Amino acid sequence: MSWNKLLCNLRELQLSGTLNGGQSFRWEYNKEMDEWTGVFSKTVWKLRQREEFLQYKVIGSLLQSIVQKKNDVEFDNNGVFEGLLKKYFRLDFNLSDYYTKWSEKDDLFKAACKQFYGIRMLAQEPVENLFSFICSQNNHISRISSMVEKLCKHYGEEICEQDGVTYYSFPDVEKLSTPKVESELRQLGFGYRAKFIQKSAAQILEWEGEKWFAGLQDMKYKEARLELMKLCGIGPKVADCICLMSLNHLEALPVDTHVYQIAAQNYLPHLRGKKNVTEKMYSEIGDHFRSLYGDYAGWAHTVLFCADLKKFQQTTDSEDIKPKKRRKKT
DNA sequence: AGCCTACCTGGGTC
DNA sequence: AGACCCAGGTAGG
């Protein structure tokens with residue numbers, strides 16, 4: 001099967017930072033092949049970026065249109081898949097213009113954006129986004145990824161198999177809502193998040209799932225945030241992640257340990273050395289970045305977040321560029 | 001309202 | 001080797 005092409009300059013989309021920067025937990029990079037494999041919209045994708053094009057293949061899909069003609073995927077469904085991909089990466093958003101704007105406003109951004117060009121805010125699916133980020137609390141990215149895969153494997157639908165790997169869709173809310181889910185997830189190593197997942201799923205189902213999510217997109221950001229926080233296991237930070245990543249509220253700005261550190265070190269020195277981020281500090285930090293970057297502050301913040309992640313820090317041969325010194329409590 | 005702590009688990013560090 | 005600490009926080013006090 002040959003690659004399909006989508007016009008998109010290299011500088012406009014950096015796959016590694018975008019797919020592996022803590023937005024989605026379902027993408028994997030194959031170094032040998034220089035390609036990314038991942039799942040969204042009940043479809044398994046392979047992606048690679050070239051100078052002028054984003055190239056993609058659909059490995060398998062449960063979408064209606066594909067079921068009829070499995071062998072003619074590329075031809076018949078090209079439009080559908082291309083549309084999905086454009087939407088997922090928000091390719092209609094002119095990133096260069098915003099990078100320029102954000103750079104002018106902020107030296108830290110200016111420094112970060114050289115290496116972290118083309119970091120895009122994905123337009124994810126709300127259900128996957130919500131449950132993935134319930135898993136994210138007080139947790140490492142590597143473990144979050146394995147938990148999300150477990151959710152898919154145990155509660156999602158099989159999409160296809162390739163090279164000995166079976167790919168699953170992210171489960172529907174209904175599958176996660178039955179009472180036994182909590183104990184099953186405990187068994188699978190989800191810890192205290194097991195209860196949050198099952199309870200939230202049951203609650204969302206009661207609020208009529210799709211309708212509820214659609215309503216959240218139509219609300220104002222702050223309103224949607226409060227509504228999300230009614231769910232058990234969703235606090236200020238996860239609510240902001242969901243607003244930003246799947247509800248199209250780009251001014252939402254999740255304040256986690258990374259962002260707190262960045263803010264305290266660079267902008268708000270009076271917040272240094274605090275044990276934990278209080279509600280008050282949280283909004284102060286968010287408002288600071290919003291006043292700095294404007295309407296799409298959450299997007300700009302994602303670029304900074306990316307630059308702060310350990311795995312993207314330069315690992316040159318020199319020893320002295322260790323990412324961050326461990327802070328001792330003295 | 002604002003501050004404190006327990007919480008599952010696994011990987012990293014000393 | 002074994003006790004730390006920490007990780008994209010949150011609920012409940």
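Here the structure is a predicted model, which means the values were calculated and not measured. Note on naming: letters A, B, ... go to the chains in the order of the sequence lines (proteins, then strands), and numbering restarts at 1 for each one.
- For His140(A) and dG10(B), the shortest distance from a side-chain N or O to OP1 or OP2 is not below 4.0 Å.
- For the pair Lys199(A) and His301(A), both in contact range of DNA chain C, the more 5′-proximal nearest nucleotide belongs to His301(A).
- Residue-level contact check: Leu231(A) touches the backbone only, with heavy atoms under 4.0 Å from sugar-phosphate atoms and none from bases.
- For a distance-only test at 3.5 Å, the side chain of Tyr192(A) qualifies as a donor-acceptor partner of the base of dG9(C).
- When the options Phe109(A), Tyr117(A), Phe93(A) are evaluated for a ring-ring contact (aromatic ring centres under 6.0 Å, His included) with Tyr99(A), the one that passes is Phe109(A).
- In this structure, of dC8(B), dG8(C), dA11(C), it is dC8(B) that holds the atom nearest to the side chain of Arg193(A).
- Screening residues 121-176 of chain A for ring pair (Phe, Tyr, Trp, His ring centres under 6.0 Å) gives Phe25(A)-Phe133(A) as the qualifying pairs, with residues at least two apart or on separate chains.
- Applying the 4.0 Å criterion to OP1 and OP2 of dA7(C), one finds that Arg143(A) has every side-chain N and O outside that range.
- Here the separation of dG12(C) from dA1(B), taken at their C1' atoms, is 15 Å to the nearest Å.
- Look at the C1' atom in both dC5(C) and dC8(B): the space between them is 16 Å, to the nearest Å.
- Every residue two or more places apart in sequence or in another chain that forms a salt bridge (charged side-chain N to carboxylate O under 4.0 Å, His left out) with Lys230(A) is listed here: Glu227(A).
- Side-chain N/O atoms of Asn138(A) and base N/O atoms of dC8(B) include a donor-acceptor pair closer than 3.5 Å.
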Fill in: Base-pairing string, 5' to 3', of DNA chain C - Watson-Crick or wobble, under 3.5 Å, | interstrand
.||||||.|||||
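- Between Thr257(A) and dC6(C), a side-chain N or O to OP1/OP2 separation shorter than 4.0 Å is absent.
- Shown for residues 18-28 of chain A: residues whose heavy atoms fall under 4.0 angstrom of DNA chain C, namely Gly21(A), Gly22(A), Gln23(A).
- Counting non-hydrogen atoms under 4.0 angstrom, Gly191(A) reaches a base of the nucleic acid.
- Across all strands, Ile144(A) comes closer than 4.0 Å to no nucleic acid atom at all (heavy-atom distances).
- For residues 181-216 of chain A, the set of pairs meeting the ring pair (Phe, Tyr, Trp, His ring centres under 6.0 Å) definition, not counting sequence neighbours, comprises Trp207(A)-Trp212(A).
- In this structure, Phe133(A) reaches neither bases nor backbone, as no heavy-atom distance under 4.0 Å exists between it and the strands shown.
- If you check residues 276-299 of chain A against DNA chain C, you find no residue with a heavy atom closer than 4.0 Å.
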